Amino acid sequence: PTHLLVDRYLKHGFSMELSASFNQFGTNKMVNEAYHSGMMFSADLTARYSFYKFLQNTKWLDPYLGIGLGLTHVNTVSSAMYPTANGVVGVNFWIKNFGIRLQGTAKFALTSNMYFNDRNYLHYTGALLYRFPKKYNTKSNFHKPNHKWAKQKPGKYKGRSK
């Protein structure tokens, strides 16, 4: 199993995550009592809310909940691609900018009978994380004038008579 994700913090504990997963399963294990062997690819967009700010004295623990939409492709005897509605629960354990993620996702296929079909599944993930340090740019060029004459007071321009 392979899982790749990018998570972007927004504000007030909210973040957006884009993830992709590739899994293969062999003949020794039946998946959802329907798929005997094959491979599966899924891509998901998830909105998450972190409860980190409620744990004021604990900087290493970051539990979260999320909801999202996804697309799953299962290639077995017959190929199937279908959209999913996802519910996510997980926790990040941080040591400085490195972390470990444990996450469970319930994926409901958006088909005719959403709650009772063989396309619904649970997806568990364990991941190693790296958090990029936040860059504080105090020397922004946005407010800095590019021309010296822009700093002068009105009426003090060279070559201008009063």
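This structure is a prediction, so every number in the text was calculated from the model and none was measured.
- Here the CZ atom belonging to Arg48 is positioned 11.0 Å from the OH atom belonging to Tyr9, to the nearest 0.5 angstrom.
- Applying the side-chain contact (heavy atoms from CB on, under 4.5 Å) test between Ser50 and each of Asp62, Asp7, Asn92, Leu55 identifies Asp62 as the sole match.
- Note that CG of Asn75 is 12.0 Å distant from CE of Met40, once rounded to the nearest 0.5 Å.
- Tracing side-chain contacts under 4.5 Å through hydrophobic residues (I, L, V, M, F, W, Y), one never reaches Leu45 starting from Leu69; they form parts of separate clusters.
- Here the closest non-hydrogen pair linking Leu71 and Asp44 is N-OD1, 4.2 Å.
- His123 and His3 have tilted rings, their planes meeting at an angle from 30° to 60° on a 0 to 90° scale.
- Cluster membership for Phe22 and Met81, using ILVMFWY side-chain heavy atoms within less than 4.5 angstrom, is not shared.
- Looking only at atom types and distance, the side chain of Thr72 has a donor-acceptor partner in the side chain of Tyr121 under 3.5 Å away.
- When only modelled atom types and interatomic distance are considered, Arg101 and Tyr64 share a side-chain donor-acceptor pair under 3.5 Å.
- Using modelled atom types, one side-chain atom of Tyr82 and one backbone atom of Arg119 make a donor-acceptor pair closer than 3.5 Å.
- Between Gly126 and Leu102, the shortest heavy-atom distance links the atoms CA-CD2, 4.3 Å.
- In terms of the side chain to side chain contact (heavy atoms under 4.5 Å, CB included) criterion, residue partners of Phe98 (sequence neighbours excluded) are, by chain and number, Tyr130.
- Follow the hydrophobic side-chain contacts under 4.5 Å out from Phe14 and you reach Phe51 in the same cluster.
- Listed by first then second residue, pairs satisfying salt bridge (charged side-chain N to carboxylate O under 4.0 Å, His left out) with a partner in residues 84-97 number zero, not counting sequence neighbours.
- We find the CG-CZ distance between Leu18 and Arg8 to be 14.0 Å, quoted to the nearest 0.5 Å.
- Separating the CZ atom in Arg131 from the CG atom in Asn97 is a distance of 5.5 Å, to the nearest 0.5 Å.
- Both Phe54 and Leu65 are part of a single hydrophobic cluster, where members link through side-chain heavy atoms under 4.5 Å apart.
- Between the CG atom of Leu129 and the CD1 atom of Ile95 there is a distance of 11.5 Å, given to the nearest 0.5 Å.
- In this structure, Trp94 CH2 and Leu61 CG are separated by 12.0 Å, a value rounded to the nearest 0.5 Å.
- Applying side-chain contact (heavy atoms from CB on, under 4.5 Å) to Thr46 and the options Ile67, Leu5, Val88 leaves one that passes, Val88.
- Residues Tyr49 and Val89 are members of one and the same hydrophobic cluster, defined by side-chain heavy-atom contacts under 4.5 angstrom among Ile, Leu, Val, Met, Phe, Trp and Tyr.
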